[in-house]
Amino acid sequence: MADEIADGVAGDDVLDAYSRVVSGVAAHLIPRVASLRIHSRRGDSSGSAVVLTGDGHLLTNAHVVGDGVEASAEFADGTTAQARVVGVDRLSDLAVLRADREIPDPPEYGDADVLKVGNLVVAVGNPLGLAGSVTAGVVSALGRSLPVRSGSAQRIIEDVIQTDAALNPGNSGGALADGNGRVIGINTAVAGIGLGLAVPVNQTTRRIIYSLLHDGRVRRAYLGLVTKPAPLQPALAERFDQRSALRVVEVIPASPAAAAGLRQGDLVLAVNGVQLRDAQSLQRQLFEDAIARRTEITAIRNNALVDVIAYPAELSD
């Protein structure tokens with residue numbers, strides 16, 4: 001795909017080159033993005049979905065699926081399929097479905113962690129009545145956070161991609177691609193005029209997608225901390241070779257963190273030796289393999305180093 005696009009842009013002026021890249025990505029992805037109609041007890045809802053695997057799986061947003069269990073998918077070539085929901089993870093806003101028949105081959109999936117601000121991106125959706133909706137723009141910010149809630153649990157979708165590629169209604173669940181046609185995000189929300197957000201495709205979300213494919217759900221560990229990033233004083237930053245840590249804003253009563261002895265005001269430096277600089281770096285440590293596992297937490301309290309041992313519980317709604 002990358003070679004085809006590169007061949008098309010050679011020798012053209014900048015504007016024409018840009019147009020050729022966008023049209024090349026669009027031609028590659030439009031056949032692989034479905035218009036999705038979800039059937040639920042509350043009625044029908046719609047969005048987009050991207051082919052995920054060669055055996056009929058589709059990737060979309062959890063908020064597109066809602067509480068539905070069945071859906072119909074229609075592709076640009078007129079192919080239609082019935083699909084069932086395989087797994088939903090509302091705390092990453094991702095969901096996986098499985099079609100009942102052969103569908104187009106999946107696109108290539110890239111790695112959003114290599115993106116830079118200013119990189120060209122193309123948003124491709126397939127809203128009902130707007131088949132093959134394509135917009136283009138640039139990455140306007142990286143590392144944005146998007147608060148989400150499932151039941152009583154609240155988390156932050158990490159490393160959200162912000163782009164100025166306009167998202168039309170129904171584009172949620174569609175593909176955000178780089179200039180080589182690789183899917184590097186799933187469009188998840190319209191945050192304002194001229195502003196869009198996408199859940200990144202990276203190491204963390206690949207792990208989530210794998211769990212949805214194989215288990216139908218994502219198991220997470222729970223410490224019971226509410227934190228916010230905080231800068232370290234210069235002396236501490238030099239001592240520990242990190243500029244920031246996580247300030248404990250609240251310790252949930254009767255939680256694993258409370259049992260371990262963590263307190264409001266503590267500065268959490270590391271978990272199991274992995275330095276923490278933001279809420280996302282802590283969340284990366286709290287997947288299934290951390291449940292009930294001995295977890296070493298290093299913190300600063302009153303300018304003194306404190307090491308505590310916690311045993312995370314399983315997060316439930």
Side-chain angles (χ1 to χ4, degrees), residues 1-2 4 25-39 46-66 68-114 121-127 131-132 157 159 161 170-178 180-188 198-219 287-288:
M1 174 63 187
E4 295 172 2
V25 172
H28 179 65
L29 285 179
I30 285 175
R32 294 167 171 84
V33 177
S35 176
L36 203 63
R37 183 180 287 278
I38 303 293
H39 313 298
S46 62
S48 301
V50 188
V51 178
L52 178 63
T53 68
D55 59 353
H57 287 96
L58 297 161
L59 182 63
T60 187
N61 290 141
H63 79 261
V64 169
V65 170
V69 295
E70 294 182 345
S72 56
E74 182 175 355
F75 293 86
D77 64 358
T79 299
T80 59
Q82 297 303 305
R84 62 178 178 84
V85 176
V86 173
V88 176
D89 182 49
R90 304 193 190 285
L91 296 182
S92 65
D93 199 21
L94 293 174
V96 172
L97 299 91
R98 175 73 181 271
D100 65 351
R101 65 194 63 188
E102 185 176 350
I103 60 176
D105 292 333
E108 181 182 356
Y109 283 77
D111 182 3
D113 286 347
V114 304
V121 286
V122 182
V124 180
N126 196 344
I157 300 177
D159 298 333
I161 303 165
N171 265 10
S172 283
L176 186 70
D178 63 17
N180 292 318
R182 295 179 295 234
V183 178
I184 43 81
I186 300 298
N187 299 319
T188 191
V199 178
V201 173
N202 57 20
Q203 183 179 3
T204 301
T205 51
R206 285 178 187 274
R207 186 170 182 176
I208 290 169
I209 293 166
Y210 180 89
S211 294
L212 292 177
L213 279 168
H214 293 85
D215 304 322
R217 66 188 183 112
V218 180
R219 296 181 66 204
F287 278 99
E288 178 178 1

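Sequential numbering from 1 along the given sequence is applied to the chain's residues.
Put simply, CD on Gln203 and CG on Asp111 are 8.5 Å apart, with the number rounded to the nearest 0.5 Å. Atoms CG and CD1, from Leu176 and Ile186 in turn, are 8.5 Å apart once rounded to the nearest 0.5 Å. Taking OG1 of Thr80 as the start and CZ of Arg37 as the end, the distance is 13.0 Å to the nearest 0.5 Å. One distance of note links CG of Leu213 with CD1 of Ile208; it measures 12.5 Å at 0.5 Å rounding. The CG atom of Asn180 lies 8.0 Å from the CD atom of Glu108; values are rounded to the nearest 0.5 Å. Atoms CG and CG, on Leu94 and Asp89 in that order, are 7.0 Å from each other to the nearest 0.5 Å.
Judged by distance alone, with hydrogens and angles left aside, the side-chain atoms of Arg101 form no donor-acceptor pair with the main-chain N or O of Gly56 at under 3.5 Å. Put simply, the side chain of Asp93 gets close to the backbone of Ala62: a donor and an acceptor are under 3.5 Å apart. Panel note: side chain Asp113, backbone Asn202; no donor-acceptor pair is recorded below 3.5 Å. The closest donor-acceptor contact from the side chain of Ser48 to the backbone of Thr60 lies at 3.5 Å or more, if one exists at all.
Applying the side-chain contact (heavy atoms from CB on, under 4.5 Å) criterion to Thr79, with sequence neighbours excluded, gives Phe75, Asp77. Taking Val85 as the reference, Val65, Val88, Leu97 meet the side-chain contact (heavy atoms from CB on, under 4.5 Å) condition, with sequence neighbours excluded. In this view, Arg207 and Asp289 satisfy the salt bridge (charged side-chain N to carboxylate O under 4.0 Å, His left out) rule, not counting sequence neighbours. By the side-chain contact (heavy atoms from CB on, under 4.5 Å) test, Pro107 pairs with His28, Leu29, Arg32, Val50, Val51, Tyr109, Val183, sequence neighbours left out. In this view, Glu288 and Arg219 satisfy the salt bridge (charged side-chain N to carboxylate O under 4.0 Å, His left out) rule, not counting sequence neighbours. Evaluation of the side-chain contact (heavy atoms from CB on, under 4.5 Å) rule for Ser46 yields Leu128 as partners, not counting sequence neighbours.
With contacts defined as side-chain heavy-atom distances shorter than 4.5 Å, the pair Arg84/Val69 does not qualify. Contact of the Thr188 side chain with the His63 side chain is registered, since non-hydrogen atoms from C-beta on lie closer than 4.5 Å. Using a 4.5 Å cut-off on side-chain heavy atoms (C-beta onward), Leu91 and Val218 make no contact. Using a 4.5 Å cut-off on side-chain heavy atoms (C-beta onward), Val96 and Leu59 make contact. Between Pro200 and Ile184 the shortest side-chain heavy-atom distance does not fall below 4.5 Å. Residues Val124 and Ile30 have side chains in contact (heavy-atom distance under 4.5 Å, counting atoms from C-beta outward).
Residue Arg182 comes nearest to Gly110 through the heavy atom pair CB-N, 4.0 Å, listed as atom of the first residue, atom of the second, then distance. Closest heavy-atom contact between Leu36 and Ala71: CD1-CB, 4.2 Å. Here the closest non-hydrogen pair linking Pro104 and Pro31 is CG-O, 3.3 Å. The two residues Val86 and His57 come nearest to each other via the heavy atoms CG2-CD2, 4.3 Å. Smallest separation of non-hydrogen atoms from Val25 and Gly181: CG2-N, 3.8 Å. The two residues Ala73 and Ala34 make their nearest non-hydrogen contact at CB-CB, 4.1 Å.
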- Tell me, with the steps shown, if Arg98 and Asp55 meet side-chain contact (heavy atoms from CB on, under 4.5 Å). CA-CA 8 Å; Arg98 175 73 181 271; Asp55 59 353; 4.2 Å; yes

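Residue-environment remark: CD (Gln82) exceeds the threshold of 12 foreign heavy atoms within 6.0 Å.
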